[in-house]
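One structure is given here, and the rest of the page talks about it.
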Amino acid sequence: MEFALSRFGDIYGPRENIEGLLGHSQAFYYAAATMQVELTLSPSSFLPSSPFARPSFINSKAQRSPISLTLSAASASSSSSSWTGNKDVWRRTQQPRHGAPTFRRRESPFLDHSVDMDELASSISGTCDEQELFSLMSPYKGRQLSIRFMVSLLSRERDWQRSLALLDWINEEARYTPSVFAYNVTIRNALRARQWAIAHGLFEEMRQRGLAPDRYTYSTLITHFGKAGMFDSALSWLQRMEQDRVSGDLVLYSNLIELSRKLGDYSKAISIFSRLKNSGIMPDLVAYNTMINVFGKAKLFREARLLLKEMQGVNVMPDTVSYSTLLCIYVENQKFVEALSVFSEMNEVKCPLDLTTCNIMIDVYGQLDMAKEADRLFWSMRKMVIEPNVVSYNTLLRVYGEAELFGEAIHLFRLMQRKGIEQNVVTYNTMIKIYGKSLEHEKATNLVQEMQNIGIEPNAITYSTIIAIWGKAGKLDRAATLFQKLRSSGVEIDQVLYQTMIVAYERAGLVGHAKRLLHELRHPDNFPRETAIKILARAGRIEEATWVFRQAFDAGEVKDIAVFGCMIELFSRNRKYANVIEVFDKMRLAGYFPNSNVIAIVLNAYGKLRDFEKADAVYMEMQEEGCVFSDEVHFQMLSLYGARKDFTMVESLFQRLDSDQNINKKELHLVVASIYERANRLNDASRTMNRLNERRIVR
């Protein structure tokens, strides 16, 4: 990369990337003196390019030095303008009237129509260095071709090095007026080749030439670096775009939200959503549905539910996906009563049900011991023209098993086989568990053989279920033999299977065997260290989990945000508050946003360590970043102010929260009153409760 290094210095080292680039068509405009022309690039011009295998271009003209290496990426949207200047005016064919002026066609000063662009682009693609490209373009050095032609030609070149050389020829050799659209194309090609420093250098060069980066410049940068997982850089570019008063669009913000969601960084997604609304952009149905999922994943269930009301208030009516997403969130967090309430609301507004909604509600009814309602919904699906799928059958099987309706479960299982409904590993795992619950151990074992005979491979859950059944039945020798056989056969040993075997050994009093398995987790060879950390943390093994976590973090192997959360919860449960702060600092160092639950734990840890200033700093910083807190976080901060005897801050935060319609006012007043009581400020406590009582009377 001699060419790149000579211009920009050291290029970034290897980074973790997320596959795929967003492609969008983009419109370019150019205005010069008396002419304004329109250029719209075809979507095909944004397809990823193949790497250039020839020698690098060298001998650069302009120096481009990146000032900051925090970069980002985004999608670009199309716009257009009309060609209003320098149009050809044709003489009228009829005889002009007396006194009327006569017109003569004005010839274009450019040779655009006499040059074959495809042939010229093909010739450029065959050049091997900068000098060869300059020689090829030398006949047009006198600007015989319009800037419209040159930008279109530049857009056809996929290789970032040739694009850069052609841009230099346009600016330095032919001395065209610098064009923001030419820079946008070149930046796009550099980003596609993951030449982050080159793209940043081009951006700075635009500024030096007096060009103002536009929405497409920032959008391209933000999208590409966001797709590469460089979110801190992407947000830095977003902030810079806002400072330059360049308006973003819905596509840009939606892409960043979706990328944050896929990486599990829900706090960052919420921060971006707040920026979207603060910029005056109205979220659409897709954006709202995504945010319902994000709030749910962040454990902000009230905020997720309130989004439905917000949508109705701005005439974006919630659809089936909106309700089913919220239902799924509640089920994942075992909030089945709330899910039932949402389903009732869905029926009240006559929102149509779909297959996903029915499957979720069958599960909800089962969890609430409403097996009859689950059975009724399942058998009524065809009346609603909804054909049950294998998930529907599997869910009802589990409901029958939990309700100990073993006869109905076996009947449904065999009915699936008679009707030719394809069964999968979940179907058999469910039935194995049902047979284990009904103490029919041999039938459970036979099902494993049956599923293998029809080509369904058992998974870790299958084996862990069998091991658990044998362990409870006192057949530990069979369980241990199967476990050792699985390890030697190369079957993936996941955390569920490991935990099942550890529990089986401990129940049988074989503590030594259990400790041996725990020791093996400190040096995992057959699975990632992240998996070992989760197993150890959930088993409550502090020392082992801490050792593996530190080793994995130092080696750069901790990529899952859930691992940080798992360790923070482990240390908090065991009152290791300094370790909570240690993991939190590592989490922030890795670029992750903590969720509301983690922030509450961290604030509590700072409070236990009497480090109130840092707690206040974290609380303020997360709010400035746009994080949405649960009530518990605010109440935790109130308690810390009270513990510090800073009643001015208690009263200030109390007044602010009291004016927030999303805060539970009853709990807020109780928390503040208890803070005053603990400080022996009984008059203030009484005043706070009287204020709450007066509001109740008014209502």
Side-chain angles (χ1 to χ4, degrees), residues 267 270 274 277 295-296 298-310 312-313 326 329-330 333-335 337-338 341-342 345 572 577 594-699:
S267 295
I270 294 169
S274 298
K277 294 199 291 186
F295 278 124
K299 312 297 183 183
L300 298 168
F301 307 112
R302 184 185 60 206
E303 285 74 10
R305 183 73 179 266
L306 288 174
L307 272 186
L308 292 180
K309 294 183 178 179
E310 180 180 321
Q312 294 167 349
L326 189 56
I329 288 167
Y330 282 138
N333 292 275
Q334 299 185 352
K335 293 181 175 292
V337 175
E338 291 85 346
S341 172
V342 171
E345 179 183 328
S572 179
Y577 302 116
N595 61 30
S596 187
N597 181 53
V598 168
I599 293 173
I601 294 174
V602 170
L603 291 180
N604 179 66
Y606 277 126
K608 296 296 184 182
L609 296 172
R610 313 296 293 179
D611 198 343
F612 301 114
E613 291 185 1
K614 286 187 178 179
D616 193 23
V618 168
Y619 180 74
M620 295 299 181
E621 179 189 354
M622 292 297 100
Q623 281 195 317
E624 290 173 359
E625 293 285 355
C627 293
V628 176
F629 297 148
S630 63
D631 289 358
E632 288 72 16
V633 174
H634 297 298
F635 298 161
Q636 182 74 52
M637 201 62 225
L638 281 168
S639 298
L640 291 180
Y641 287 142
R644 194 171 61 180
K645 309 296 183 183
D646 190 347
F647 298 106
T648 301
M649 288 301 300
V650 169
E651 194 64 28
S652 174
L653 182 55
F654 172 56
Q655 296 295 337
R656 181 167 66 82
L657 295 178
D658 195 32
S659 62
D660 187 344
Q661 60 180 359
N662 295 325
I663 299 294
N664 187 315
K665 299 301 186 294
K666 179 181 178 181
E667 290 187 11
L668 173 63
H669 284 74
L670 290 173
V671 168
V672 173
S674 66
I675 291 172
Y676 284 134
E677 284 180 4
R678 287 196 298 269
N680 202 29
R681 296 170 66 100
L682 301 182
N683 289 337
D684 290 327
S686 177
R687 171 178 55 82
T688 302
M689 292 307 299
N690 288 338
R691 182 174 177 178
L692 177 63
N693 293 330
E694 288 172 1
R695 286 188 177 181
R696 289 177 177 173
I697 293 172
V698 171
R699 288 179 182 176

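Predicted, not measured: the structure shown is a model, and the values here were computed from it.
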### Query
Can you check whether Ser639 reaches Arg678 side chain to side chain, under 4.5 Å on heavy atoms?
yes
NE2 (His634) and CG (Leu653) are apart, to the nearest 0.5 Å, by 7.5 Å
### Query
Is there a donor in the side chain of Glu651 and an acceptor in the side chain of Tyr676, or the other way round, less than 3.5 Å apart?
yes
Here the pair of heavy atoms bringing Ile270 nearest to Ala298 is CD1-CB, 4.1 Å
The reported gap from NZ in Lys608 to CG in Leu640 (rounded to nearest 0.5 angstrom) is 9.5 Å
Would you please classify the geometry between the Tyr330 ring and the Phe301 ring as parallel, tilted or perpendicular, with 30° and 60° separating the classes? tilted
- prompt: Can you tell me if Ser674 uses its side chain to pair, donor with acceptor, with the backbone of Val671 under 3.5 Å?
  reply: yes
Asp611 meets the salt bridge (Lys or Arg N to Asp or Glu O under 4.0 Å) criterion, sequence neighbours left out, with Lys614
Shortest non-hydrogen pair, Glu677 vs Ala685, comes out as CG-CB, 3.7 Å
Using only atom types and a distance under 3.5 Å, with no angle test, would you say the side chain of Thr688 pairs donor to acceptor with the backbone of Asp684? yes
salt_bridge(Arg305, Glu345) N-O dist < 4.0 Å: yes
Check your understanding: Are a donor atom and an acceptor atom from the side chains of Asp616 and Tyr641 found within less than 3.5 Å of each other?
Key -> yes
Residues at least two apart in sequence or cross-chain that pass salt bridge (Lys or Arg N to Asp or Glu O under 4.0 Å) with Lys277, listed by chain then number, are Glu310
By salt bridge (Lys or Arg N to Asp or Glu O under 4.0 Å), Arg656 pairs with (sequence neighbours left out) none
Taken in chain and number order and not counting sequence neighbours, the residues that satisfy ring-ring contact (aromatic ring centres under 6.0 Å, His included) with Tyr577 are none
Check your understanding: For Gln334, does the CD atom have more than 12 heavy-atom neighbours from other residues, nucleotides or ligands under 6.0 Å away?
Key -> no
Check: Leu657 and Leu638 side chains under 4.5 Å, non-hydrogen atoms: yes
Residues passing the salt bridge (Lys or Arg N to Asp or Glu O under 4.0 Å) test with Glu667, sequence neighbours excluded, are none
Between the CD1 atom in Ile601 and the CD atom in Gln636, the distance rounded to the nearest 0.5 Å is 10.0 Å
To the nearest 0.5 Å, atom NZ of Lys665 lies from atom OG of Ser659 at 7.5 Å
Any non-hydrogen side-chain atom of Val633 less than 4.5 Å from a side-chain atom of Tyr619?
yes
| message | Do Met622 and Val618 make a side-chain contact, defined as non-hydrogen atoms from C-beta onward lying under 4.5 Å apart? | response | yes
| message | Is there a side-chain contact between His669 and Asp658 in this structure, where contact means two heavy atoms from C-beta onward sitting under 4.5 Å apart? | response | yes
Nearest heavy-atom approach of Gly296 to Ala304 is N-CB, 4.2 Å
The reported gap from CZ in Phe612 to CE in Met649 (rounded to nearest 0.5 angstrom) is 13.5 Å
Rounded to the nearest 0.5 Å, the CG atom of Leu326 sits from the CD atom of Glu338 at a distance of 10.0 Å
The side-chain contact (heavy atoms from CB on, under 4.5 Å) partners of Asp631 (sequence neighbours excluded) come to Arg302, Phe635, Ile663, Asn664
